[in-house]
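Below, chain A is the first sequence line, B the second, and so on; all start at residue 1. Computed from a predicted structure; not experimentally measured. Basis for what follows: all heavy atoms, side chains included, without hydrogens, waters or symmetry-related copies.
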2 protein chains.
Amino acid sequence: MIETFAALSDPHRFRIVELLRSGPRAVNDIGERLRLHQPQVSKHLRVLKEAGLVDVQPRAQQRLYELRAQPLRELHEWLERYHQLWDARFEAMDELLEELQQEEKPHGRSKK
Amino acid sequence: MIETFAALSDPHRFRIVELLRSGPRAVNDIGERLRLHQPQVSKHLRVLKEAGLVDVQPRAQQRLYELRAQPLRELHEWLERYHQLWDARFEAMDELLEELQQEEKPHGRSKK
DNA sequence: GCATTATATTCCTTGACGAGAATATACCTC
DNA sequence: GAGGTATATTCTCGTCAAGGAATATAATGC
C-alpha cells in the first residue's frame, strides 16, 4: 500500500500510469509521448514494476509495459474503509434510518 | 493528487491517517499511540495539513487534528477511472451493453 | 558475426526528506 | 505574571531518490 503511494507520488511515474491506462506501451513509446529520456523511463518503469504496478512482456526487442490490476484494487479496498468519511450522504442517511423510520421502509442500503 | 500520494507514502503519516479514521486526536495522543516523538508528529501533521488531508481545530492548548474528506474523495474519483481495469465484470458488461442491446433498455450505468 | 534497434544499468551530482535534540511559542491555571 | 502543559519550529546530519550522460545488454536482420 505504502509502496503504491510512493510509486505514484512521482509526477513522471504518475503520468506513465495514466498513459498505460489506455493499454500496454513500449518504453520508447512512453518516452516520446511524455517527453522523457529513455533511461529515466526505464528507471521509473523499474520502480513501478517493483511496486507491482506494471508488468512486462517482451515483444521482439521491445518490452511492453502494462498496468497490473491488483495494487489499484487494494487501493480501492483501502479507500472503501474511509467511505463513510467522504460520502456525506451516507452519514445523513444513516442518521435518518436509525432515528426516524427504522421499520417503515427499509430501502436496502446494506451498510457493509 | 500527487501531493496526496506523497503525503501517504510515508509509513508514519500513513499510520497517523489510519488512526485519525477513528476520529479527531490531539498531537500528544497520536504520539503516544504510535510511539512517536512529539516533534516528529507535529512535523508529519504539518505535511498532512499542507496536503489537505487533515484539518486542525484548537481546543484549549491542544490541537485536534481530524481527517478531511476531499482528498480521499478525489482519490476515489481518480481510481474510478481505472475501474474497468481491475473489475473484470465491467469489461464484460460494457461489451454486452454496447454490442447487443444498445437501444433496448438504457439502465443507466453511466460510463463516465 | 556485424550493424541496428530497443532497453537496461552505472556513475555522478544535487536536492529533498526524515530523525533527533534543543528551543520557541501558545494557552491555561492560580 | 509565574509555572505548567501542549504544540510548533529550527538546526544539523545522514540517507535516499531523481536527473543527466555515458555505457552495457538484448534481440533482430542481413
Can you list every ring-ring contact (aromatic ring centres under 6.0 Å, His included) pair that touches residues 54-73 of chain B, not counting sequence neighbours?
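As it turns out, there is no ring-ring contact (aromatic ring centres under 6.0 Å, His included) pair with a partner in residues 54-73 of chain B once direct neighbours are skipped.
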Just to be sure I understand the rule, does A:Gln38 reach a base, reach only the sugar-phosphate, or reach nothing, if contact means heavy atoms closer than 4.0 Å?
base
Apply salt bridge (Lys or Arg N to Asp or Glu O under 4.0 Å) to A:Asp55 and list each qualifying residue two or more places apart in sequence or on a separate chain.
none
Set of residues satisfying salt bridge (Lys or Arg N to Asp or Glu O under 4.0 Å) with respect to B:Glu18, sequence neighbours excluded:
A:Arg81
Would you mind writing out the side-chain donor-acceptor pairs for residues 26-44 of chain A within the sub-3.5 Å range, not counting sequence neighbours?
from, atom 1, to, atom 2, distance (Å)
A:Asp29, OD1, A:Arg33, NE, 2.8
A:Asp29, OD2, A:Arg25, NH1, 3.3
A:Gln38, NE2, A:Ser42, OG, 3.1
A:His44, ND1, A:Arg13, NH1, 3.2

For B:Glu74, what residues pass the side chain to side chain donor-acceptor pair (under 3.5 Å) criterion, not counting sequence neighbours?
B:Gln70
Leading and trailing nucleotides of DNA chain C with any atom under 4.0 Å from heavy atoms of chain B:
C:dG18 to C:dC28
Side-chain heavy atoms nearer than 4.5 Å, only ILVMFWY residues, links allowed to pass through others: does that put B:Val56 and B:Ile16 together?
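Result: yes, single cluster for both.
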Could you list all the side chain to side chain donor-acceptor pair (under 3.5 Å) pairs where at least one residue sits in residues 1-12 of chain A, not counting sequence neighbours?
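Side chain to side chain donor-acceptor pair (under 3.5 Å) check on residues 1-12 of chain A returns no pairs.
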Geometric class of the B:Phe5/A:Phe5 ring pair [parallel <30°, tilted 30-60°, perpendicular >60°]
tilted
So if I take residues 6-36 of chain A and measure heavy-atom distances to DNA chain C, which residues fall below 4.0 Å?
A:Ala26, A:Val27, A:Asn28
Side chain to side chain contact (heavy atoms under 4.5 Å, CB included) partners of B:Gln57, counting only residues at least two apart:
B:Arg59, B:Leu64, B:Glu66
List in chain and number order the residues that pass side chain to side chain contact (heavy atoms under 4.5 Å, CB included) with B:Glu50, two or more places apart in sequence or in another chain; answer none if no residue qualifies.
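Only B:Arg46 meet the side chain to side chain contact (heavy atoms under 4.5 Å, CB included) criterion with B:Glu50.
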In whole angstrom, what separates B:Tyr65's OH from D:dA6's C1'?
11 Å
Taking CG from B:Leu64 and C1' from D:dT7, how many angstroms apart are they, rounded to a whole number?
12 Å
Side-chain contact test, heavy atoms from C-beta onward, threshold under 4.5 Å: evaluate it for A:Tyr82 versus B:Leu75 and give yes or no.
no
Where along residues 53-61 of chain A does a heavy atom fall under 4.0 Å from DNA chain D?
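Within residues 53-61 of chain A, the residues near DNA chain D are A:Ala60, A:Gln61.
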For residues 39-48 of chain A, which residues have at least one heavy atom under 4.0 Å from DNA chain D?
A:Pro39, A:Gln40, A:Lys43, A:His44
Starting at the 5' end of DNA chain D, which residue's closest nucleotide do you reach first, A:His37 or B:Gln62?
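The answer here is B:Gln62.
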In Å and rounded to the nearest 0.5 Å, what is the NE2 to CD distance from A:His83 to A:Glu80?
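Interatomic distance, A:His83 NE2 to A:Glu80 CD, rounded to 0.5 Å: 5.0 Å.
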Smallest separation among heavy atoms of A:Ile2 and B:Pro11, with atom names:
CD1-CA, 3.4 Å
